[in-house]
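One structure below.
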Amino acid sequence: MCGIFGYVGPRTSGALLLESLARLEYRGYDSWGVALGGAQGLQVRRQAGRIGDFRSEESPSSGGWGGIAHTRWATHGAPTESNAHPHLDCSGEIAVVHNGIIENFSVLKRKLESQGHKFRSETDTEVIPHLIEEMLKSQPDFQTAFVDALKLIEGTYGLAVISARHPGTLFVARHGSPMVLGLGKGEMMVASDPAALVAHTRRVVYMGDGEVATLTAGGHHTQSLDAIPVTHEVQQIAFDLPSIERGGHPHFMHKEIFEQPETIHNAFRGRMVHSEATARLGGLDDKLLRKVKKCHILACGTSWHAALVGKYLLENMARMPTEVSYAAEFRYANPVVEPGTLVIAISQSGETADTLAGVREATLRGATAIGICNVVGSSIARECGQGVYIHAGPEIGVASTKAFTGQLAVLSLLALHLGRMRGMSLRDGLQFMQAIEKLPEQVAETLKCDDSIKELARLYGDANNFLYVGRLYEYPVALEGALKLKEISYIHAEGIPAAELKHGPIALVDPQMPTVVLAAQSGILPKMMGNLQEIHARGGRIIAIAREGDTEIPRIAEHTLFIPPTLDPLVPILAVVPLQLLAYHIAVRRGCDVDRPRNLAKSVTVE
């Protein structure tokens, strides 16, 4: 949930570190800091607030041989200068930046204090430089002392360390928090996300758990904690620098909403087999899929909403019994994992800590796991060993948009693939494929409602509460629409199944609470018309999402936004787009920081 960048080579400067770190600020933005190594020792600069708040002349200028930088999302300790990374040992000669949580830091801290170490922050991270300092008293070799310190740590970490006594070297470690090595010409880099590396190199190495690396300008060496050398394949970053820049859009979220015609096409491009009316998902083992008796989907947040749609898709199209769990709840709930269970882990980043832990728990209990991720080489992708990438490209806005629709597209392909294995007719398969192939054009058409939604934002931007209502495939979309509004505008919003209105939530309906009603599915339209009437009769102000050509809903709803007609299972991919735009424009009108909402970070890599 924080950002790390490290560099060793001839170009070391505070400006270089901060420019690269700024590309990671969406992973944490309540404080930042840099440490540069040079002939005069370590120069350290830390500050609460965002990187853009500092004046460049205030940053360290030239460090000489290397440096590390960090942007923070607070876990232990408030977002203050003293809690910002890097953290130092007592001598000020060892600097550490860290992502993750040290679960036994209290025990380690008490012991280190009894040995004379002085702490200056409230963070768990600060124990690490002091541990290394203590190990160096009995083990003068820095690499060995570093590893010995790591062996005392319980929890998760992605670490980058520099020492004034070891110029020209970065020390890196990973356990449960991603670290990527960037291979340059006469220089080496490390980052917690490839987005910080792509401006300098596209050649990278993804570190595995339980590995440490030493980086010099001339190259790198990687080994396990037990000193066994590890060799990794050098990979290419799949995106380029323009894809992580705004490109003329006012915000990344706006750009990413409008990229969805392309990203949805990327999700199914090259995966359609028309002759067999099925999907080709090369990352999955078909022999294994034919043995599957039930599915269990694990996810968090927006991905959990995609999982709910996935349940309907798999059960209705493939007749596959499917459960959906919050990943964190699954891990601690002593789940029943029966033979033949396929666990599907959904995560945009592929690093979501709860989902990754759920995968490990499921496989420990005998399940087979597959991942649906956006980031190539991510932890969940490697842990599962098989799965499907959504190919949405980098998503910088903290509130997920294009990754959500990409997940829905891939789940639709998976349901088609399993459905054809389990009795879906050729005709039905072809009809579904043709509907999927129309989606990019239909999303582009839906995006034309942008100006209308700006006007809705003007009318409803001062509301304190919103209600979102939907049935079947549109119920998870109601949840997602409410989440988007909460995340970026800080308006309280609740998503509910339409049939539950009469069981309590209808008591909330009044002219002061706008109600967003999703009513674009043809199969359940009569039921939704009844819900619209119930809300209208109680003075509710209705914003409806309806199918093009519907003439009845506009007679009841105060405002109606239309989406092109499609098959009911694919309605969520279209219906969510107006809700993304509604949340976006309301947040802009309220003066909120759309891309970096308060208290949130993009990738939740701690439990």
Side-chain angles (χ1 to χ4, degrees), residues 267 278-279 281 283-331 333-347 352 354-355 358-359 361-363 365-373 380 384 386-388 390 404-424 428-429 432 436 470-480 495 497 499 521 523-524 567-573:
T278 190
L281 303 174
L284 302 182
D285 182 347
D286 280 358
K287 291 182 180 179
L288 182 150
L289 291 181
R290 292 184 186 278
K291 298 177 183 178
V292 171
K293 297 179 180 178
K294 64 176 295 186
C295 292
H296 202 133
I297 310 178
L298 307 182
C300 302
T302 285
S303 296
W304 186 75
H305 299 155
L308 293 177
V309 177
K311 170 183 170 64
Y312 293 135
L313 287 165
L314 290 167
E315 292 191 338
N316 292 337
M317 295 178 60
R319 309 310 299 160
M320 178 73 73
T322 302
E323 295 182 57
V324 176
S325 292
Y326 284 112
E329 296 295 316
F330 176 86
R331 182 185 182 191
N334 192 23
V336 176
V337 179
E338 300 170 344
T341 298
L342 177 70
V343 167
I344 303 170
I346 307 178
S347 166
T352 309
D354 289 322
T355 307
V359 167
E361 180 67 21
T363 54
R365 292 171 179 256
T368 298
I370 65 172
I372 295 178
C373 302
I380 288 173
C384 292
Q386 59 177 318
V388 187
I390 66 174
F404 177 70
T405 52
Q407 289 167 351
L408 295 183
V410 166
L411 286 165
S412 299
L413 296 180
L414 180 61
L416 170 65
H417 189 54
L418 287 170
R420 289 289 287 137
M421 285 182 176
R422 298 168 65 88
M424 176 188 281
D428 288 346
F432 193 70
I436 290 175
R471 285 178 186 262
L472 196 61
Y473 287 102
E474 288 171 309
Y475 165 53
V477 181
L479 294 174
E480 176 62 12
Q521 295 173 88
I524 55 172
L567 299 178
D568 284 0
L570 299 177
V571 163
I573 294 177

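Values in this document were obtained by computation on a predicted structure and should not be read as measured data.
- Considering all non-hydrogen atoms of both residues, A369 and T363 come closest at CB-CG2, 3.9 Å.
- Looking at heavy atoms from C-beta onward, D286 lies in side-chain contact with H417 at the 4.5 angstrom threshold.
- The closest donor-acceptor contact from the side chain of Q407 to the backbone of I346 lies at 3.5 Å or more, if one exists at all.
- Here the straight-line distance linking atom CD1 of I380 with atom OG1 of T355 works out to 5.0 Å at 0.5 Å rounding.
- Between I370 and V343, every side-chain heavy-atom pair lies at or beyond the 4.5 Å cut-off.
- Of the inter-residue distances, the one linking Y312 atom OH with E474 atom CD reads 11.0 Å to the nearest 0.5 angstrom.
- When every heavy atom of L314 is checked against every heavy atom of A415, the shortest pair comes out as CD2-CA, 3.9 Å.
- The closest donor-acceptor contact from the side chain of S303 to the backbone of A299 lies at 3.5 Å or more, if one exists at all.
- With R331 contributing its side chain and G358 its backbone, the two residues share no donor-acceptor pair below 3.5 Å.
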Going through the checks in order, is the salt bridge (charged side-chain N to carboxylate O under 4.0 Å, His left out) test met by E323 and K294? CA-CA 8 Å; E323 295 182 57; K294 64 176 295 186; 2.7 Å; yes

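- With 3.5 Å as the limit, one finds a donor-acceptor pair spanning the side chains of H296 and S325.
- Looking at T322, its side chain does come within 3.5 Å of a backbone N or O of M320 through a donor-acceptor pair.
- Atoms CG and CG, on L281 and L416 in that order, are 8.5 Å from each other to the nearest 0.5 Å.
- Here the side chain of S412 pairs a donor or acceptor atom with the backbone of L408 at under 3.5 angstrom.
- For the pair L342/L288, a side-chain contact is recorded, criterion being any heavy-atom separation below 4.5 Å from C-beta on.
- Residues L472 and D568 fail the side-chain proximity criterion, which asks for heavy atoms closer than 4.5 Å.
- For the pair R422 (side chain) and R319 (backbone), a donor-acceptor distance under 3.5 Å is present.
- Here the side chains of V359 and E361 are not in contact, with every heavy-atom distance at 4.5 Å or above.
- Here the OG-CD1 distance, from S347 to I390, works out to 9.5 Å after rounding to the nearest 0.5 Å.
- We find the CD1-CD1 distance between I344 and I297 to be 4.5 Å, quoted to the nearest 0.5 Å.
- Side-chain contact, N316 with Y473: a donor N or O sits under 3.5 Å from an acceptor N or O.
- When all heavy atoms are compared, the tightest approach of Q521 to R471 is NE2-O, 2.8 Å.
- When side chains are defined from C-beta on, T341 does not count as touching K293, because their heavy atoms never get closer than 4.5 Å.
- You'll find the side chain of L479 reaches within 4.5 Å of the side chain of L308, heavy atoms only.
- Distance CG/L284 to OG1/T368: 11.5 Å, rounded to 0.5 Å.
- When every heavy atom of P476 is checked against every heavy atom of V309, the shortest pair comes out as CB-CG2, 3.6 Å.
- Of all heavy-atom pairs spanning A306 and L411, the tightest one is O-CD1, 3.2 Å.
- When side chains are defined from C-beta on, D428 does not count as touching F432, because their heavy atoms never get closer than 4.5 Å.
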